[in-house]
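Take a look at the structure below.
Everything numeric in this text was worked out from a predicted model, so none of it was measured. In what follows, chains are A, B, ... by sequence order, proteins preceding strands, each numbered from 1.
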Protein chains: 2
Amino acid sequence: MTALTIGPAARASGVSAKRIRHYEAIGLLRPAGRTEAGYRLYAAADVHELRFIARARALGFSIAKIAELLDLWRNRSRASADVKALALEQADLLRGRIADLQAMADTLETLAARCEGGARPDCPILEGLAGGSPGD
Amino acid sequence: MTALTIGPAARASGVSAKRIRHYEAIGLLRPAGRTEAGYRLYAAADVHELRFIARARALGFSIAKIAELLDLWRNRSRASADVKALALEQADLLRGRIADLQAMADTLETLAARCEGGARPDCPILEGLAGGSPGD
DNA sequence: CTTGACCTTCCCATGAGGGGAAGGTCCACA
DNA sequence: TGTGGACCTTCCCCTCATGGGAAGGTCAAG
C-alpha cells in the first residue's frame with residue numbers, strides 16, 4: 001500500500017502527470033492526498049482509477065462523459081443500463097464522425113482520381129474546390 | 001462589381017464574418033480593402049476565394065493546408081501533381097482517423113453487446129474499462 | 001434626429017492538454 | 001556536510017479554429 005508520487009503514478013497508469021493535475025484541477029478527480037511537503041500521493045485504487053480514465057479516453061469519450069462513467073463506476077449500485085446507454089451513445093457519436101470523414105475522404109479520392117497529376121496546371125481538384133459540387 | 005461588406009460576403013460565401021476576420025488576422029487572406037470608414041470590402045473574386053476556403057474546410061483540410069491549396073490556386077502556374085499530393089495526403093490522414101474511430105466504435109459495441117443493460121450493477125463495459133483488454 | 005442594423009477592435013472561452021519558467025524537496029553519494 | 005540531479009509545486013502562455021460578447025463608430029430609413 002505504498003502511495004506513489006505523481007511521476008510513478010503517471011507511469012503506472014499511462015496518464016501523464018500534466019494530465020493528472022489537469023483532471024484534478026477541473027474536478028474530474030478528487031484532490032489527491034499530499035505529503036507534508038505538498039507532493040501529491042496516489043494509492044493503488046487511485047492508479048486504478050487513472051487507468052480507467054486512460055481507457056475511456058482511448059475510446060474517445062469526452063472528459064464530461066468520463067465524469068459520468070467514473071461516477072457510475074464509483075457508485076457500484078448503478079444500473080448497467082446507464083453504462084450501456086453511455087457506451088452506445090458514444091458509439092453513435094463515433095459512427096457519425098466516421099461517416100463525415102468517410103464522405104470527405106471519398107470526395108478527395110474521387111477528385112484525385114480525376115487529376116492526372118502531371119506538371120500541367122489544369123486540376124479537377126482545384127476546380128472542385130473552386131466552383132461546383134465535387135461531382136461536377 | 002459592387003463590393004460587399006463583410007456581412008453580405010459572409011452570407012454569399014458561407015464563411016462567417018468572424019471567421020473571415022480571423023483568416024485575415026492569421027494571414028490566410030490578404031487584408032481586405034476598406035471603405036473610408038474602415039469597413040472591409042469584398043469583390044466577387046474575394047467571395048469566390050472564401051467559397052474555396054469553405055469547401056476545403058468541408059473536406060477537413062487544416063488552415064495550414066488550405067493556405068497551401070490557396071497558394072496553388074492563386075498561382076495558376078502550379079503543377080497539378082502538387083495539388084493531387086495534398087489531396088491524397090489529406091485523404092490518408094482522414095482514412096487514418098477513420099480507422100482509429102472505427103476501432104473505438106467496434107470496441108464499444110462489442111462491450112455493449114455483452115452488457116445486459118438491466119438494472120443490475122454488473123456491467124462488462126465498466127469491467128472492460130477498469131481492468132482488462134476489451135476482449136477479456 | 002433617432003433607431004436599429006451594421007461595422008470595428010478587443011478580450012475571453014472552448015477541450016484537452018503541452019511547454020517551460022521559477023522555485024521548493026528529496027535522496028544518494030562523495 | 002554539502003551538493004547535484006531528479007523530482008515535485010504553481011504559474012502562465014501556446015495550441016486550433018473558431019464563438020461570444022462588450023464598447024464604440026457608421027450608415028440608411030423613417
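Atom CG in Leu28(B) sits roughly 13 Å away from atom C1' in dT18(D) (whole-Å rounding). Here dC7(C) presents its C1' atom at 14 Å from CG of Leu4(B), a figure rounded to the nearest Å. Between the CD1 atom of Ile63(B) and the C1' atom of dC14(D) there is a distance of 17 Å, rounded to whole Å. Nucleotide dA6(D) holds its C1' atom 10 Å from the CZ atom of Arg11(A), rounded to whole Å. Atom C1' of nucleotide dT18(D) and atom CD1 of Ile53(B) are separated by 14 Å, given to the nearest angstrom. Whole-Å rounding puts the Tyr42(B) OH to dT8(C) C1' distance at 12 Å.
The backbone N or O of Leu59(A) sits less than 3.5 Å from a side-chain atom of Gln90(A), completing a donor-acceptor pair.
In this structure, the side chains of Leu88(B) and Leu108(A) stay at 4.5 Å or more apart for every pair of heavy atoms. Residues Leu72(B) and Leu86(B) are in side-chain contact: their nearest non-hydrogen atoms beyond the backbone lie under 4.5 Å apart. Taking the side chain as every heavy atom from C-beta outward, Ile66(B) and Tyr23(B) never approach each other to under 4.5 Å. For the pair Asp46(B) and Leu29(B), the minimum side-chain heavy-atom distance is 4.5 Å or more. In this structure the side chain of Leu41(B) never reaches within 4.5 angstrom of the side chain of Leu4(B), judged on heavy atoms. Looking at Arg57(A) and Ile63(A), their side chains come closer than 4.5 Å, going by heavy atoms from C-beta outward.
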Trace of the side chain to side chain contact (heavy atoms under 4.5 Å, CB included) decision for Arg114(A) with Glu109(A)
CA-CA 9 Å; Arg114(A) 283 201 241 136; Glu109(A) 284 166 0; over 6 Å; no
Intermediate values then yes/no, salt bridge (Lys or Arg N to Asp or Glu O under 4.0 Å), Arg97(B) and Asp92(B) = CA-CA 9 Å; Arg97(B) 276 195 221 157; Asp92(B) 274 5; over 6 Å; no
Open item on the list: Between Arg30(A) and Glu49(A), is the side chain to side chain contact (heavy atoms under 4.5 Å, CB included) condition met? List the steps.
Closed with: CA-CA 11 Å; Arg30(A) 286 154 309 197; Glu49(A) 202 162 284; 3.4 Å; yes
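Between its two ends, the helix from dC1(C)-dG30(D) to dA30(C)-dT1(D) turns its axis by 30°, counting five pairs per end and rounding to 10 degrees.
The side chain of Arg40(B) contributes an N or O atom lying less than 4.0 Å from OP1 or OP2 of dT9(C). Contact annotation: Thr5(A) side-chain N/O to dC8(D) OP1/OP2 distance is under 4.0 Å. Between Arg57(B) and dT18(D) there is a side-chain N or O to OP1 or OP2 distance below 4.0 Å.
In this structure, the salt bridge (charged side-chain N to carboxylate O under 4.0 Å, His left out) partners of Lys65(B), at least two apart in sequence or on a different chain, are Glu68(B), Glu89(B).
A salt bridge links Asp106(A) with Arg95(B): the distance from a Lys NZ or Arg NE/NH1/NH2 to an Asp or Glu carboxylate oxygen falls below 4.0 Å. Salt-bridge annotation for Lys84(B) and Glu116(A): absent, with no side-chain N of the basic residue lying under 4.0 Å from a carboxylate O of the acidic one.
A heavy-atom distance below 4.0 Å to DNA chain C is reached by these residues of residues 20-27 of chain B, ordered by number: Arg21(B).
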Would you tabulate the pairs of protein nitrogen or oxygen atoms and nucleotide nitrogen or oxygen atoms of nucleotides 18-22 of chain C closer than 3.5 angstrom?
{"from": "dG18(C)", "atom 1": "OP2", "to": "Ser16(A)", "atom 2": "OG", "distance (Å)": "3.1"}
{"from": "dG19(C)", "atom 1": "N7", "to": "Lys18(A)", "atom 2": "NZ", "distance (Å)": "3.2"}
{"from": "dG19(C)", "atom 1": "O6", "to": "Lys18(A)", "atom 2": "NZ", "distance (Å)": "2.8"}
{"from": "dG20(C)", "atom 1": "O6", "to": "Lys18(A)", "atom 2": "NZ", "distance (Å)": "2.4"}

Counting primed atoms, P, OP1 and OP2 as sugar-phosphate and everything else as base, the B/S/- map of nucleotides 24-30 of chain D against protein heavy atoms under 4.0 Å is -BBS---
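For Pro8(A), the listed nucleotide lying nearest its side chain is dC8(D); candidates were dT9(D), dC8(D), dG17(C).
Sorted by first and then second residue, the ring pair (Phe, Tyr, Trp, His ring centres under 6.0 Å) pairs involving residues 24-63 of chain B (not counting sequence neighbours) are His48(B)-Trp73(B), Phe52(B)-Trp73(B).
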